[in-house]
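To keep things clear, I will list the structure first and then write my remarks on it.
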Number of protein chains: 2
Amino acid sequence: MHTPEQFTTLLRTRGYRVTAQRLAVFRALAAAGHHLTAEEVYERVQQTLPAIALTTVYKVLHELVALGEVRRVELGDASARFDPNTSPHAHLVCQRCRHTEDLPPSDYHVGLPVIAARGFQIVNQAVVFYGLCPRCQAASADD
Amino acid sequence: MHTPEQFTTLLRTRGYRVTAQRLAVFRALAAAGHHLTAEEVYERVQQTLPAIALTTVYKVLHELVALGEVRRVELGDASARFDPNTSPHAHLVCQRCRHTEDLPPSDYHVGLPVIAARGFQIVNQAVVFYGLCPRCQAASADD
DNA sequence: CTTGGTGCAAAGCTTTTGCATATCA
DNA sequence: TGATATGCAAAAGCTTTGCACCAAG
């Protein structure tokens, strides 16, 4: 994810208009620093742009994905998440409380040898580890 | 996933009633051998049990998940999939045509050192490789 | 018989679409 | 000014829920 200034330039370069809505959605995600649902983005953007529509948030999020500014992530919930961290990383999700943490590539390992890829040209991968976070393990011990 | 006979016993053991709907949903997945959407299960079950309701299919699928007979899988589509293969495996998904293949653990590998798990107790993991299948690569070359 | 299961209809949620209005360039 | 973006409302798609009727044990 770029800076708001770079993003503005990127929009112009790609023929998109620079609108308050696009900047606000971009800023909300940049400020959050981690993946948010469309609804969460909407709530945050409303604080600076009360008239924005949820529909617009969805449209802008798709544009951000197309522009490579944001990555769509599915973590097993009803709603998708939009992640300003576009560098490769995995997620750690607590099955009980849904608490989620990012895992940098240095913390885990995934490998698919080309020979095992059945001729697929891999462009992307989603890795999610599900389990119990420390807090919920403690809570379970009480049961 | 067990045999229909073992499944019948399992139902009784757990206090579930043995119904035609439960057996039919179980058999549809066992026969398919790979993950199906609820709708796909519904279509198949209708062939032997035309009066079954989609609602019932959903309820039974949840029971099968709870019983550990089936695993819920999300592959980035609108609908969830229910996989009769409950042993660990990853998926290979074509981003263009959505063709999907199973990857046995011998074909790939994932690792999360305990020390990197931030205290989480990992019980599960979802690994999906996205890319272009051989056929779609050939189609792309034409563009 | 009695409890649990099924089917139907309706609702819930997230996400998308169509269209008139507003806005950027 | 002219094309694009926004907002609103409505719809679409998947899944869940409430409830009366039915069936397994």
Side-chain angles (χ1 to χ4, degrees), chain A residues 4 7-28 35-46 48-67 69-83 98, chain B residues 4 7-28 35-43 45-46 48-67 70-83 98:
Chain A
F7 176 60
T8 300
T9 304
L10 179 65
L11 286 177
R12 291 219 167 84
T13 306
R14 300 294 193 85
Y16 289 90
R17 288 188 183 167
V18 178
T19 65
Q21 289 84 345
R22 286 185 174 134
L23 290 174
V25 169
F26 180 93
R27 286 210 185 88
H35 51 73
L36 300 177
T37 62
E39 194 71 42
E40 286 165 344
V41 171
Y42 179 52
E43 288 165 10
R44 293 174 188 221
V45 170
Q46 277 185 310
T48 56
L49 216 65
I52 197 171
L54 179 57
T55 302
T56 304
V57 171
Y58 273 106
K59 284 175 191 157
V60 174
L61 287 172
H62 289 323
E63 293 167 358
L64 293 180
V65 171
L67 290 168
E69 291 293 306
V70 150
R71 201 164 148 167
R72 188 193 183 100
V73 176
E74 318 248 0
L75 262 24
D77 293 307
S79 26
R81 297 238 164 29
F82 297 86
D83 199 334
R98 305 310 293 180
Chain B
F7 176 60
T8 300
T9 305
L10 179 64
L11 285 176
R12 292 220 167 84
T13 306
R14 300 296 194 85
Y16 290 89
R17 288 185 184 170
V18 177
T19 65
Q21 290 84 344
R22 286 184 174 136
L23 290 174
V25 169
F26 179 93
R27 287 210 184 88
H35 51 74
L36 300 177
T37 62
E39 196 72 40
E40 287 167 344
V41 171
Y42 179 51
E43 288 165 9
V45 170
Q46 276 185 312
T48 56
L49 216 65
I52 196 170
L54 178 56
T55 302
T56 303
V57 172
Y58 273 105
K59 284 175 190 158
V60 174
L61 287 172
H62 289 321
E63 293 167 358
L64 293 180
V65 171
L67 290 168
V70 151
R71 201 164 149 165
R72 189 192 183 102
V73 175
E74 319 249 359
L75 261 25
D77 293 307
S79 27
R81 298 240 164 27
F82 297 86
D83 198 334
R98 305 310 296 180

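Note that the coordinates shown come from a computational prediction; the quantities given were computed from them, not determined experimentally. Throughout, a chain's letter reflects where its sequence line sits, starting with A, and its residues are numbered from 1.
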When you measure from the side chain of [X] to the backbone of [Y], do you find a donor-acceptor pair of N or O atoms at a distance under 3.5 Å?
X       : Y       : value
B:Glu40 : B:Thr37 : yes
B:Arg22 : B:Arg17 : yes
B:Thr8  : B:Pro4  : yes
B:Thr13 : B:Thr9  : yes

Of A:Val57 and B:Ala20, whose nearest nucleotide on DNA chain D comes first from the 5' end?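 Residue closer to the 5' terminus by nearest nucleotide: A:Val57.
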
Tell me which of B:Glu39 and A:Glu63 sits closer to the 5' end of DNA chain D, going by the nucleotide each one is nearest to.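 On the 5' side of the pair lies A:Glu63.
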
Over all strands shown, is B:Thr19 touching base, sugar-phosphate only, or nothing at heavy-atom distances under 4.0 angstrom?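 The residue B:Thr19 makes sugar-phosphate contact but no base contact.
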
Report yes if at least one side-chain N or O of A:His62 is closer than 4.0 Å to OP1 or OP2 of C:dT15; otherwise report no.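 So the side-chain polar atoms of A:His62 never come under 4.0 Å of the phosphate oxygens OP1 or OP2 of C:dT15.
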
Please give, in whole Å, the distance from [N] [atom2] to [X] [atom1]?
X       : N      : atom1 : atom2 : result
A:Phe82 : C:dT14 : CZ    : P     : 13 Å
A:Glu40 : C:dT14 : CD    : P     : 11 Å
B:Gln21 : C:dG5  : CD    : P     : 11 Å
B:Gln46 : C:dG7  : CD    : P     : 11 Å
B:Arg14 : D:dA24 : CZ    : C1'   : 20 Å
B:Tyr16 : C:dG5  : OH    : P     : 8 Å
B:Leu54 : C:dA10 : CG    : C1'   : 14 Å
B:Leu23 : C:dG5  : CG    : C1'   : 13 Å

Closest approach to the side chain of [X], judged atom by atom: which nucleotide of [options] is it?
X       : options               : answer
B:Thr55 : D:dG7, C:dG5, D:dT17  : D:dT17
B:Arg17 : C:dG18, C:dT6, C:dG4  : C:dG4
A:Lys59 : D:dC14, D:dA5, C:dG18 : C:dG18
A:Val18 : D:dG7, C:dT16, C:dA25 : C:dA25
A:Ile52 : C:dG7, D:dT6, D:dG7   : D:dG7
A:Tyr58 : D:dG7, C:dA9, C:dT16  : C:dT16

What orientation do B:His62 and B:Phe82 show, parallel under 30°, tilted 30 to 60°, or perpendicular over 60°?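 Judged by the thresholds at 30° and 60°, the geometry between B:His62 and B:Phe82 is perpendicular.
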
